[in-house]
Amino acid sequence: MLAVFAVSSDAWHIGSGTASLISVLHYRAVYAFMLAVLLAAAGIGAALLLGRVSHDERETDRAVESRRQREERERRRREDREAARRQRGGSTRTGEREA
């Protein structure tokens, strides 16, 4: 239906007025274009703002990673000590009680 309306030349303007549909679309197209540019600029600005990583965030990420690595090393050391105690035949606390 819209294609038929767009193709028929009589549908663009009916009556004796000077303003036709094509002129109204022409003048409103500027506002639509400006709105599209404004929305695109706002979208790009929001993407840049959200995608940005500040110095503080990098420092926090490094501190969190360092803490995770330290905790992982401590956990492995505890497991290694426990495995060594089991291989010696018991914990050192049991050995102290027997002595």
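By the 4.5 Å heavy-atom criterion applied to side chains, Glu82 and Arg78 are not counted as neighbours.
Here CD1 of Ile44 is found 13.5 Å from CG of Leu49. Values are rounded to the nearest 0.5 Å. Note that CD of Glu74 is 12.5 Å distant from CD of Glu79, once rounded to the nearest 0.5 Å.
Among Arg70, Arg76, Gln69, the single residue meeting the side chain to side chain contact (heavy atoms under 4.5 Å, CB included) criterion with Glu72 is Arg76.
Here Glu59 pairs with Arg62 in a salt bridge; the nearest charged N to carboxylate O distance falls below 4.0 Å. A salt bridge is absent between Arg75 and Glu71: the closest approach of a Lys/Arg side-chain nitrogen to an acidic carboxylate oxygen does not fall below 4.0 angstrom.
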